[in-house]
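The block underneath contains the structure these notes are about, expressed in structure tokens.
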Amino acid sequence: MASDGAEAPRVRFSPAPSGNLHVGSARTALFNWIHARKTGGTFILRIEDTDAATARPELVDQVLDTLRWLGTEWDEGPYRQSERADLYTAAVDKLLANGSAYRCDCTTEDVDARAQAAGRKTPGYDGFCRDRELPAATSTAVRFRTPDDGEVAFDDVIRGHVSFPAADVVDFVIQRADGSAIFLLANAVDDLDMRVTHVIRGEDLLNTVPKQLLVMQALGHDLPVYAHLPLLVDEGRKKLSKRRHSVGVNEYRERGYLPAAFTNFLATLGWGPPDGVEIRPMGEIVELFELADVTKSGAFFDAKKLDHFNGEYLRALDLDAFVEGVARFLPFAIDDRFRTLAPLVQERCVTFADAGEMVEFLYRDEPEIDPASWDKAMQGPAAEVLDAAIAEFEGVDAAGWNSGRLHEVLAAIGERLGLKLAKAQAPVRVAVTGKSVGPPLFESLEVLGRDATVARLRAARSRLGPS
RNA sequence: GCCCCCAUCGUCCAGAGGCCUAGGACGCCGCCCUUUCAAGGCGGUAACGGGGAUUCGAAUUCCCCUGGGGGCACCA
């Protein structure tokens with residue numbers, strides 16, 4: 001890398017501080033991070049909070065926290081645009097001075113009204129104030145003067161050559177009337193100032209490139225290389241919306257997904273390793289990753305596939321790590337009973353949050369009966385099974401109360417009643433755990449203990465009524 | 001309305017002119033294993049949007065159409 005003497009790459013992730021980081025943003029952050037690691041470059045974090053109206057300083061920490069959880073640690077920053085206003089003002093002054101920008105006092109209403117009067121169907125500014133030479137005032141914003149003809153073109157690492165007719169790029173605001181900078185300006189100035197070499201971001205920003213290129217050129221600097229990632233879309237192929245989906249990374253974090261599984265999955269959205277092995281350590285992904293290999297079309301965030309990834313990662317955890325990780329998702333403290341069942345629970349979890357469901361029966365005085373499970377299990381010879389189980393289990397002495405023994409006992413009962421073990425265990429399972437699914441029954445009963453087991457069987461039997 | 005981008009199984013990726021009767025993964029279906037449920041094993045379903053052109057040969061190149069998406073703010 002950098003054998004041509006070029007400087008090491010510098011990339012940046014520049015989220016707006018909107019709190020709960022969007023999964024699409026997380027993917028963008030990840031790809032930036034991967035590219036930096038791959039190339040020995042620097043990953044810069046910059047918070048884009050130039051809009052005082054929407055900036056929520058208190059939410060910045062949440063973004064940082066999420067990034068840390070994902071493992072996409074930054075090398076430089078975080079910078080905050082709200083603290084760099086002088087830089088933007090200086091840039092605007094320079095553009096004003098060299099004729100690249102001018103003041104404008106048109107309101108949005110003025111612009112729309114003129115467009116309507118002129119019968120134009122294309123929205124946008126018409127250059128009304130270009131030559132009015134307005135003085136600075138509290139009501140004037142600053143607009144960038146775009147070329148009237150020619151084209152603005154660039155080579156995107158992922159998309160190839162992209163060009164726009166310059167005439168379609170209307171004069172745009174770079175500084176608000178209150179003197180604050182607009183994203184287009186701040187973003188360009190910062191990329192220049194931070195010597196960013198590769199701008200890796202979502203495709204929704206592809207259309208802003210010409211404007212930013214124009215600003216950068218007017219400021220007289222070398223231009224960064226752009227790479228626009230395909231958007232993450234919903235099942236309707238629309239940009240993932242906060243309205244209808246769990247698009248916040250925090251939701252996944254709270255539901256017990258593992259950061260390694262989550263980032264591994266994100267890495268397969270818009271990119272795939274050449275050998276087709278999708279589930280693998282991030283270190284390998286970093287090695288294999290090439291920005292130019294990124295796909296061009298939108299990718300659906302498939303929660304089912306994420307679940308599969310997470311299940312794989314969860315099962316790969318050693319037992320201690322699983323127990324430690326699952327702890328904060330359980331509504332009760334980890335004890336020996338949980339530890340005993342843990343290996344069986346781990347095998348059956350997709351996320352940490354699933355574990356509680358499987359063992360909660362241990363921590364209640366009485367099982368919470370699921371009606372559907374009850375109806376299904378308490379049919380046919382259920383009463384006989386329960387009666388026999390009560391009688392037999394009661395006779396097992398405390399020292400012999402273990403899963404192997406219980407297995408034998410219930411198998412014998414089943415045999416006597418002409419039932420397969422699977423059938424015979426159903427009423428017992430529901431009576432004791434309240435559900436028709438869960439960890440293996442005999443291990444569960446062993447951990448629950450004889451007295452509690454028998455008490456629950458009796459309770460279920462009486463609830464069942466006379467046979 | 002205008003501009004830009006995109007187009008392989010339901011989904012995510014492979015495929016950079018012959019190796020493709022298109023491969024892997026998730027999902028789904030079936031079978032096996034089995035103490036329920038998972039996990040695991042085995043098998044199956046399923047795609048190159050349409051039309052031209054180039055070529056001996058096109059999923060791969062070019063053009064048009066269609067379809068989808070994104071953008072066009074004193075938001076980012």
Side-chain angles (χ1 to χ4, degrees), chain A residues 14-18 48-51 53-55 81 104 106-108 111 120-125 139-143 156 159-160 162-165 167-170 172-178 180-184 186-187 202-210 228 230-231 233 235-239 265 268-279 295-302 304-309 311-312 315 344-350 354 358 373 377 403 406-407 410-411 414 420-426 428-430 433 435-444:
Chain A
S14 50
S18 59
E48 310 233 316
D49 54 358
T50 57
D51 183 21
T54 58
Q81 291 190 325
C104 167
C106 298
T107 63
T108 306
V111 175
R120 283 188 293 118
K121 298 204 166 170
T122 304
Y125 187 67
S139 62
T140 59
V142 176
R143 281 184 189 275
D156 188 284
R159 271 146 228 293
V162 182
S163 76
F164 298 76
D168 289 330
V169 184
V170 301
F172 55 98
V173 172
I174 53 177
Q175 185 182 66
R176 299 186 183 85
D178 68 5
S180 64
I182 288 288
F183 152 78
L184 291 165
N187 190 274
E203 195 197 343
D204 50 343
L205 294 170
L206 188 62
N207 294 293
T208 70
V209 176
H228 287 86
L231 254 24
V233 300
E235 52 277 79
R237 298 259 112 205
K238 301 245 191 294
K239 191 167 141 181
F265 172 65
T268 67
L269 260 25
W271 179 81
D275 60 8
V277 179
E278 296 183 309
I279 296 182
T295 303
K296 295 183 176 115
S297 49
F300 172 55
F301 186 92
D302 187 350
K304 285 227 180 88
K305 190 160 179 179
L306 201 214
D307 281 348
H308 178 259
F309 274 50
E312 293 279 338
R315 286 188 293 276
L344 301 173
V345 171
Q346 181 179 8
E347 275 182 67
R348 293 164 170 75
C349 283
V350 167
D354 296 337
M358 287 183 221
S373 296
S403 61
L406 298 173
H407 189 324
L410 195 64
K420 280 188 177 171
L421 186 54
K423 275 282 183 206
Q425 62 130 31
V428 175
R429 173 182 292 283
V430 174
T433 71
K435 298 193 249 292
S436 56
V437 300
L441 180 64
F442 306 115
E443 287 76 359
S444 298

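By convention in this document, chain letters (A, B, ...) are assigned in the order of the sequence lines, proteins followed by strands, and residues within each chain are numbered from 1.
Among the heavy atoms of the strands lying under 4.0 Å from Ser139(A) is at least one base atom, whether or not backbone atoms are also near. Residue contacts shown for Gly202(A) are absent, as no nucleic acid heavy atom lies under 4.0 Å away. Residue contacts for Ala299(A): at a heavy-atom cut-off of 4.0 Å it reaches the sugar-phosphate backbone alone, with no base atom in range. Residue Ser180(A) is out of contact with every strand shown, counting any heavy-atom pair closer than 4.0 Å.
Every residue was checked against the salt bridge (charged side-chain N to carboxylate O under 4.0 Å, His left out) condition with Glu443(A), not counting sequence neighbours, and none meets it. With sequence neighbours excluded, the residues forming a side-chain contact (heavy atoms from CB on, under 4.5 Å) with Gln81(A) are Arg46(A), Glu48(A), Asp49(A), Thr50(A), Tyr88(A), Ala186(A), Asp190(A), listed by chain and number. In terms of the salt bridge (charged side-chain N to carboxylate O under 4.0 Å, His left out) criterion, residue partners of Arg159(A) (sequence neighbours excluded) are, by chain and number, Glu203(A). Taking Ala299(A) as the reference, Leu232(A), Leu269(A) meet the side-chain contact (heavy atoms from CB on, under 4.5 Å) condition, with sequence neighbours excluded. For Lys305(A), the side-chain contact (heavy atoms from CB on, under 4.5 Å) criterion is met by Phe265(A), Glu278(A), Asp302(A), Phe309(A), not counting sequence neighbours. With sequence neighbours left out, the salt bridge (charged side-chain N to carboxylate O under 4.0 Å, His left out) criterion links Arg237(A) to no other residue. For Val345(A), the side-chain contact (heavy atoms from CB on, under 4.5 Å) test picks out Phe322(A), Leu341(A), Cys349(A), Ala355(A), Met358(A), Val359(A), Pro439(A), with sequence neighbours left out.
Here the straight-line distance linking atom CD1 of Ile279(A) with atom CD of Glu312(A) works out to 4.5 Å at 0.5 Å rounding. The CG atom of Leu184(A) sits 6.0 Å away from atom OG1 of Thr208(A), with the distance rounded to the nearest 0.5 Å. A distance of 12.5 Å separates NZ in Lys238(A) from CG in Leu231(A), rounded to the nearest 0.5 Å.
Between Arg315(A) atom CZ and A39(B) atom P the separation is 6 Å, expressed in whole Å. Trp271(A) places its CH2 atom 11 Å from the P atom of G15(B), with the value rounded to the nearest Å. If you measure from atom CZ of Phe301(A) to atom P of U11(B), you get 17 Å, rounded to the nearest angstrom. In this structure, Ile279(A) places its CD1 atom 17 Å from P of C12(B), rounding to the nearest Å. The CG atom of Asp275(A) sits 12 Å away from the P atom of A25(B) (whole-angstrom rounding). If you take CG of Asp49(A) and C1' of C75(B), they are 13 Å apart, rounded to a whole angstrom. With rounding to whole Å, Gln81(A) atom CD is found 14 Å from C75(B) atom P.
In this structure, Val162(A) and Val209(A) have side chains that are not in contact, with every pair of non-hydrogen atoms separated by 4.5 Å or more.
No side-chain N or O of Arg429(A) forms a donor-acceptor pair with one of Thr433(A) less than 3.5 Å apart.
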Worked check of side-chain contact (heavy atoms from CB on, under 4.5 Å) between Leu410(A) and Gln425(A): CA-CA 7 Å; Leu410(A) 195 64; Gln425(A) 62 130 31; 3.7 Å; yes
- request: Evaluate the criterion side-chain contact (heavy atoms from CB on, under 4.5 Å) for residue pair Val173(A) and Tyr125(A); output intermediate values, then yes/no.
  value: CA-CA 10 Å; Val173(A) 172; Tyr125(A) 187 67; over 6 Å; no
message: For Leu205(A) and Asn187(A): C-alpha separation, side-chain torsions, deciding distance, then whether side-chain contact (heavy atoms from CB on, under 4.5 Å) applies.
response: CA-CA 12 Å; Leu205(A) 294 170; Asn187(A) 190 274; over 6 Å; no
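A22(B) and C29(B) are spaced 22 Å apart, taking the C1' atom of each and rounding to whole Å. Using atom P as the reference point in both C62(B) and C2(B), the two lie 25 Å apart (nearest Å). Using atom C1' as the reference point in both C28(B) and C65(B), the two lie 34 Å apart (nearest Å). Across the P atoms, C13(B) and A76(B) are found 30 Å apart, a figure rounded to whole Å. Here the separation of G57(B) from A73(B), taken at their P atoms, is 49 Å to the nearest Å. C37(B) and G17(B) have their P atoms separated by 50 Å, given to the nearest Å. When the P atom is used for both G52(B) and U45(B), the distance is 30 Å, rounded to whole Å. Rounded to whole Å, the separation between the P atoms of G50(B) and G10(B) comes to 13 Å.
The nearest heavy atom of RNA chain B to Gly160(A) and to Ser14(A) marks one nucleotide each, and the one closer to the 5' end goes with Gly160(A).
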Just the table, please: protein N/O against nucleotides 58-62 of chain B N/O, every pair under 3.5 Å.
none

Show each protein N/O and nucleotides 45-47 of chain B N/O combination with a separation under 3.5 Å, one pair to a line.
none

Under 3.5 Å, N/O pairs linking protein and nucleotides 31-37 of chain B:
from, atom 1, to, atom 2, distance (Å)
U35(B), O2, Leu441(A), N, 2.9
U35(B), O4, Glu443(A), OE1, 3.2
U35(B), O4, Glu443(A), OE2, 3.2
U36(B), O4', Gln425(A), NE2, 2.5
U36(B), O2', Ser436(A), O, 2.9
U36(B), N1, Arg429(A), NH2, 3.4
U36(B), O2, Gly438(A), N, 3.0
U36(B), O2, Gly438(A), O, 3.3
U36(B), N3, Arg429(A), NH2, 3.3
U36(B), N3, Gly438(A), O, 2.5
U36(B), O4, Arg348(A), NH2, 3.0
U36(B), O4, Gly438(A), O, 3.4
U36(B), O4, Pro440(A), N, 3.0
C37(B), O2, Arg348(A), NE, 2.8
C37(B), N3, Arg348(A), NE, 2.9
C37(B), N3, Arg348(A), NH2, 3.0
C37(B), N4, Arg348(A), NH2, 3.0

Could you run down the sub-3.5 Å N/O contacts of the protein with nucleotides 26-28 of chain B?
from, atom 1, to, atom 2, distance (Å)
C26(B), OP1, His308(A), NE2, 3.2
C26(B), O2', Lys305(A), N, 3.4

Contacts under 3.5 Å, N or O only, protein and nucleotides 68-73 of chain B:
from, atom 1, to, atom 2, distance (Å)
G69(B), OP1, Lys238(A), NZ, 2.1
G70(B), OP1, Lys239(A), N, 3.3
G70(B), N2, Asn207(A), OD1, 3.1
G70(B), N2, Asn207(A), ND2, 3.1
G71(B), OP1, Lys239(A), NZ, 2.7
G71(B), O4', Asn207(A), ND2, 3.2

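Nucleotide C42(B) forms a Watson-Crick or G-U wobble pair with G30(B), both donor-acceptor distances falling under 3.5 Å.
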